[in-house]
Protein chains: 2
Amino acid sequence: MNEKPDTKSRILDSAEKLFGLNGFEATSLRDITAEAQVNLAAVNYHFQSKESLIDAVIARRIEPVNRRRFEMLDAAGPHPSLEQILTAFVGPLLDQDLSSVVPLMGRMMSDPTQFVERVFKKYLTPVSRRFQEALHEELPDLPRSELMWRLFFTGGAMAHTMSWSQVLSEVSGGLCDVTDRGALIERLVAFAAAGFRVPALEPAVMKGKG
Amino acid sequence: MNEKPDTKSRILDSAEKLFGLNGFEATSLRDITAEAQVNLAAVNYHFQSKESLIDAVIARRIEPVNRRRFEMLDAAGPHPSLEQILTAFVGPLLDQDLSSVVPLMGRMMSDPTQFVERVFKKYLTPVSRRFQEALHEELPDLPRSELMWRLFFTGGAMAHTMSWSQVLSEVSGGLCDVTDRGALIERLVAFAAAGFRVPALEPAVMKGKG
DNA sequence: GTCTATAGGTTGATAGAC
DNA sequence: GTCTATCAACCTATAGAC
């Protein structure tokens, strides 16, 4: 029963777990090789550097997520509802049973200065473009900047939930249960969809007393 | 005209800037003392350790923010509107002209495992409690867990915006302008308020096809 | 309070035997 | 492919002169 995967996979698994738990900078290669019960030099043999290892850890998880996003959006037909679009956007990321993937992705999305060049321009740009198009078709009256802001807010709520998933139950006094991922996705989609349906703000109107 | 503040303030200012720019772990004390044009040993004289310095940098900015949050909530009277409550929650954090404060706070909120013990239980618990009460009075039919989740989503959208503020204009192709903070706050409050007003999800009802 | 000098430890990466 | 041993660079923190 396949007790010992190969060294390369063991390194990826341990790195994913520790990066998600403690962050990328705070996790040393020695921490990783100790957890993986693998020799230190194996990291630089299979991957060239810590930076490349980080990229490999992220790529392994983000590629299937993006694939599922497009699949779900396609499966919703030519005129998907707002809820279907948003579910295709947040669902594949949040609906993962591998507990270490979610915090890892949260760490990644919360550190833009480190990843915007190496990761986001490669993996997130096509996703953002495609989902902006779908949203624009469903909400044609919403200005593009407003649409972009709201997609960003939605991504923020999602990223924050992923970053905090390990401690959320504790800090919420048990009110927030992260383990029921189906309910979580429905909650977030309902919240975001309502925000998207707000008519665009008109600056002149807002000047009245708050 | 007060060209050179004292060493202690210079360290705090430089630390705030570099922590926000590159993160806490990635910023060394040497980076900070070089930026501040101050001797390395001065850090351990004025603060005892890097960890204490981080706490001091955060405390200096979060305390006035929390004070303003309570002031704004009090100023809204005994029955504040949902928009007034949310503005009091997100406004004081986002409405800061010091450009380094916003990314710093974003970094802090995005690293729960590091700060949940040292920072959040001290500074965020009373805020969370007070705003939960206010929200519950305004939305008495919303279950507490649902309310907590939505407050969390709102905080996530806010934290994400702060973390990304330095690169958001670039990655959005110029669509998102972070400099107009008044408009940003209105946008986020409108988005979140709509999400809060969604009736509580009833699990049984959701089982129909999406 | 501010400096120099340095202790003491950890890091990422590599050379070379097997 | 996997190991041991090690390097050079960097880190935080401190002792002690001024």
Side-chain angles (χ1 to χ4, degrees), chain A residues 2-60 100 104 107-108 111 113-115 117-119, chain B residues 2-60 100 104 107-108 111 113-115 117-119:
Chain A
N2 142 359
E3 247 199 76
K4 261 209 172 194
D6 63 330
T7 301
K8 198 170 176 176
S9 303
R10 305 254 303 286
I11 294 173
L12 283 172
D13 290 342
S14 298
E16 174 178 293
K17 175 179 170 183
L18 295 175
F19 285 153
L21 213 55
N22 305 317
F24 299 98
E25 311 268 359
T27 303
S28 70
L29 297 182
R30 283 170 175 80
D31 294 336
I32 295 168
T33 55
E35 163 87 22
Q37 292 181 283
V38 157
N39 189 273
L40 172 62
V43 175
N44 288 78
Y45 175 77
H46 288 285
F47 310 88
Q48 297 85 334
S49 64
K50 182 179 178 180
E51 196 170 82
S52 302
L53 171 62
I54 294 177
D55 289 351
V57 168
I58 291 175
R60 180 172 70 145
S100 54
L104 171 83
R107 294 268 180 196
M108 182 198 68
D111 198 348
T113 45
Q114 182 173 7
F115 294 114
E117 288 299 331
R118 311 215 309 265
V119 179
Chain B
N2 125 14
E3 248 199 72
K4 263 207 170 194
D6 62 328
T7 301
K8 198 170 177 177
S9 303
R10 305 256 301 285
I11 294 173
L12 284 171
D13 291 342
S14 298
E16 176 177 290
K17 175 179 171 183
L18 294 175
F19 285 153
L21 213 56
N22 306 317
F24 299 100
E25 312 268 358
T27 303
S28 70
L29 297 183
R30 282 172 173 78
D31 295 336
I32 295 168
T33 54
E35 163 87 22
Q37 291 182 284
V38 157
N39 189 273
L40 173 61
V43 174
N44 289 79
Y45 174 77
H46 287 286
F47 311 87
Q48 296 87 334
S49 64
K50 182 180 178 179
E51 198 171 81
S52 302
L53 171 62
I54 293 176
D55 289 351
V57 168
I58 292 174
R60 181 173 70 146
S100 54
L104 171 83
R107 294 267 179 196
M108 180 197 70
D111 198 349
T113 44
Q114 181 174 9
F115 293 114
E117 288 298 331
R118 310 215 309 266
V119 178

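In what follows, every chain begins at residue 1, and chains take the letters A, B, ... in the order their sequences are listed.
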Rounded interatomic separation in angstrom, taking CD from Gln48(B) and P from dA13(D): 10 Å
Ion pair Asp55(B)/Arg60(B), N-O distance below 4.0 Å: no
Provide, to the nearest angstrom, the distance between the CG atom belonging to Leu29(A) and the C1' atom belonging to dC10(D). 15 Å
Does Asn22(B) use its side chain to pair, donor to acceptor, with the backbone of Ala26(B) at less than 3.5 Å? no
Report which part of the nucleic acid Ala42(A) touches: base, sugar-phosphate, or nothing (heavy-atom distance under 4.0 Å, all strands). nothing
Do the rings of Phe19(A) and Phe24(A) sit parallel, tilted or perpendicular, given the 30° and 60° boundaries? tilted
Its 5'-most and 3'-most nucleotides having an atom under 4.0 Å from a non-hydrogen atom of chain A, DNA chain C is contacted over dT11(C) to dT14(C)
Among residues at least two apart in sequence or on other chains, which ones pass side-chain hydrogen bond (donor to acceptor under 3.5 Å, both in side chains) with Thr27(B)? none
Can you tell me how far C1' of dC11(D) sits from CG of Leu53(B), to the nearest Å? 15 Å
For Asn39(B) and for Ser49(A), find the nucleotide of DNA chain C with the closest heavy atom, then tell me which residue's nucleotide is more 5'. Asn39(B)
Asn44(A) CG - dT4(D) P separation (whole Å): 15 Å
Using only atom types and a distance under 3.5 Å, with no angle test, would you say the side chain of Arg10(A) pairs donor to acceptor with the backbone of Thr33(A)? no
Cation-pi check, Lys8(B) to Phe47(B): give yes when NZ or CZ is under 6.0 Å from the six-membered ring centre and within 45° of the ring axis, no otherwise. yes
Name the residue closer to the 5' end of DNA chain D, choosing between Arg30(A) and Thr27(B) according to the nucleotide with the nearest heavy atom. Arg30(A)
